[in-house]
Every structure is written in C-alpha cells, then in structure tokens.
Amino acid sequence: MTKLFTSISECRRSPQGECTFHKKTTINRIILLLIGIELFFVFIFAFSGPFVSVFIVKGITGATVSIVGIAAMIFLVTKSTLQIPFSRLVDKAASENKVIGVYSIGQIIIALCPLILAFSTNQWHIFLAQFSCGFGNALTYPSYNALFTQHIDKEQTAFEWSFYDTIIGFAGAGAAALGGVMIDKFGFKIVFLITAVIILLGSFLPLFFYRRYGNNHQHI
C-alpha cells in the first residue's frame, strides 16, 4: 500500500542530504511567464465573451435562443474537430518558438470573432464568428498545453495547474464584471472592437516575451 505521509526517518534523501518529500519548490519562470501570457488574453476576451449570447438575441434581427445554441455548437464542433490534427502538428514542431508561434496565430484568429461580431447584422455572421473562435482555440489549446506540460515542475503538477486555473478564473471574473459595465455605457460594438484590437495588437507579445525571458528553467 502506498503511504500518503512519511516520517522524517522514512524520507528519501538527495545526495545533498535534503529530504525530497518535504522539500518546498517554487514555480519556475517559464510557467509564470505562460500564466501571465494567458492571463492577458483571457482578461481581454472576457470583456465581451460572456455577453455574446445576449448580443445575439438582442442585436440580431430574428435571432432566437435556438440561434445561440447553434452558434455554441459551431464553436465546440470546430474546436473539438480541429484540435486533434493541430495537436499532432504541435507535437512535431522543431522548436518551442514555433509552438508559441502557433499560439500567437491562434490568438489572431480568435480576435476575428469579436471583430466580426462588431459588424454582424444577421445570423450567418454569428456563425462565422463562432467558427473563427473555434478555429483559433483549436490552435491555442494544444500549443499552450504542450508548453505548460513541458515546463511544469513535476513534483507539484497539481498545484501549478490549480494556480493557473485560479489566476485565470479571477481574471475572467473581474473582466466580465468590467465588460458588463462597459457594454452598458458604450454598447456592444465598441466593446467588441476594443477586444479585437487589443488581442490583435497583443498577438505578437507571446513570441517576444518567450524568446526574451523563456530561454531557461529558473525558479523564482
């Protein structure tokens, strides 16, 4: 039977005499960098993302809740269908810079979603926007997860994934609250345009920061 807890006397020790079971490890720099990159995009997209269904029903003539369901289906089917072949390409990438480049391209495609929504006048525009969002996410999910998994600290995988999820969750919550206020004040079109422009302008940042600061596995 595997023990969940050990005493100091039972602890496996490293050559330096340190107890490996009880040693505290900090988060390495690349993981923090990756979390920061994702934090930026999640925060910006959450300005408008949670309110797309409201926009469809209120802003598109003739749109009903069934159109919202079809739009969600298009996003999920597109993402789920494409991310498997895209993940194969990511696994075959020759360098991490190429993987982060795929992530950046995915964000550019995702930015097309709020850009299309800003000028949508019928349901087909909504479907196109959801397709672009699904396509972009099919690129970002495998590439981001590959990098995160590659550099995660093996002795605290649960903590670092949970830390990522917690930070992203709080960021999304704050951005959604702020986005609701902005939509009430400026309208859907302005908020969609702001979201698209910031994501497009920021799409080159992951590659820049990863090349500049992500070339070693330091802990901080």
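Positions are given from 1 along the sequence. As a basis for the values below, the full set of heavy atoms in this structure was taken, side chains included, without hydrogen atoms, waters or symmetry mates. Because the structure is a prediction, the values reported are computed rather than measured.
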For side-chain contact (heavy atoms from CB on, under 4.5 Å), just list the numbers for Phe163 and Leu32, CA-CA rounded to whole Å, side-chain angles, deciding distance to a tenth of an Å, and then say yes or no.
CA-CA 10 Å; Phe163 181 72; Leu32 290 176; 4.1 Å; yes

Side chain proximity check, Ser132 to Ile116, heavy atoms < 4.5 angstrom
yes

Enclosure of Lys92 NZ (heavy-atom neighbours >12, cutoff 6.0 Å):
no

Checking the side chain of Asp153 only, and the main-chain atoms of Glu155 only, is there a donor and an acceptor separated by less than 3.5 Å?
no

Just by modelled atom types, is the Ala146 backbone N or O under 3.5 Å from a matching donor or acceptor in the Thr149 side chain?
no

In terms of hydrophobic clusters joined by side-chain contacts under 4.5 Å, are Leu117 and Val65 together?
no

Examine distances only and state if a side-chain atom of Glu160 and a backbone atom of Lys154 form a donor-acceptor pair shorter than 3.5 Å.
no

Would you mind reporting whether Gln130 and Cys113 have side-chain heavy atoms less than 4.5 Å apart?
yes

In the single-linkage hydrophobic clustering (I, L, V, M, F, W, Y; side-chain heavy atoms under 4.5 Å), do Leu178 and Phe170 co-cluster?
no

Stepwise, does the side-chain contact (heavy atoms from CB on, under 4.5 Å) test hold for Gln150 with Val99?
CA-CA 11 Å; Gln150 176 67 30; Val99 177; over 6 Å; no

Could you tabulate the donor-acceptor pairs under 3.5 Å formed by side-chain atoms of residues 38-62, not counting sequence neighbours?
unit_1, atom_1, unit_2, atom_2, d
Glu38, OE1, Tyr103, OH, 2.4
Glu38, OE2, Tyr164, OH, 3.4
Ser48, OG, Thr195, OG1, 3.4

Hey, are the side chains of Ile37 and Leu205 touching, using non-hydrogen atoms and a 4.5 Å cut-off?
no

Given side chains that start at C-beta, do those of Gln107 and Ile110 come closer than 4.5 Å, heavy atoms only?
yes

Identify whether Leu128 and Ile108 are in the same connected component of the hydrophobic contact network (ILVMFWY, side-chain heavy atoms under 4.5 Å).
no

Starting at CD1 of Ile100, measure out to OG of Ser104 and round the result to the nearest 0.5 Å.
6.0 Å

To check you understand the geometry: which heavy-atom pair defines the closest contact between Gly202 and Pro206, and what is its length?
O-CD, 3.3 Å

Nearest non-hydrogen partners of Ile67 and Gln123, listed with the distance
CD1-OE1, 2.9 Å

Ignoring hydrogens and angles, write down the donor-acceptor pairs under 3.5 Å from the side chains of residues 73-84, residues two or more places apart or on other chains.
unit_1, atom_1, unit_2, atom_2, d
Thr78, OG1, Ile74, O, 2.6
Lys79, NZ, Gln83, OE1, 3.2
Ser80, OG, Leu76, O, 2.7
Thr81, OG1, Val77, O, 2.7

Nearest heavy-atom pair of Asn137 and Cys133: which atoms, and what distance?
ND2-O, 2.8 Å

Backbone N or O of Ile31 within a donor-acceptor pair of the Asn28 side chain at under 3.5 Å?
yes

Rounded at 0.5 Å granularity, tell me how far CG in Leu193 sits from CZ in Phe186.
13.0 Å

Spacing of CD1 belonging to Ile35 relative to CG belonging to Asp165, to within rounding of 0.5 Å
10.0 Å

Nearest 0.5 Å, what's the CD1-CH2 distance between Ile152 and Trp161?
6.0 Å

Which label fits Phe135 and Phe131: parallel for a plane angle under 30°, tilted from 30 to 60°, or perpendicular past 60°?
tilted

Do you reckon Phe192 sits in the same ILVMFWY cluster as Ile194, going by side-chain contacts under 4.5 Å, direct or chained?
yes

Sub-3.5 Å donor-acceptor pair from the side chain of His151 to the main-chain atoms of Leu147, do we have one?
no

Please find the pair of heavy atoms, one from Ala71 and one from Ile126, that lie closest to each other, and give the distance.
CB-CG2, 3.9 Å

What distance do Ser87 atom OG and Leu89 atom CG have between them, rounded to the nearest 0.5 Å?
8.0 Å

How many angstroms lie between CD1 in Ile105 and CZ in Phe204, if you round to the nearest 0.5 Å?
15.0 Å

Are Leu34 and Phe159 grouped together when hydrophobic residues (ILVMFWY) are joined by side-chain heavy atoms under 4.5 angstrom apart?
yes

Below 4.5 Å, heavy atoms only, C-beta onward: do Phe148 and Tyr144 meet side chain to side chain?
yes

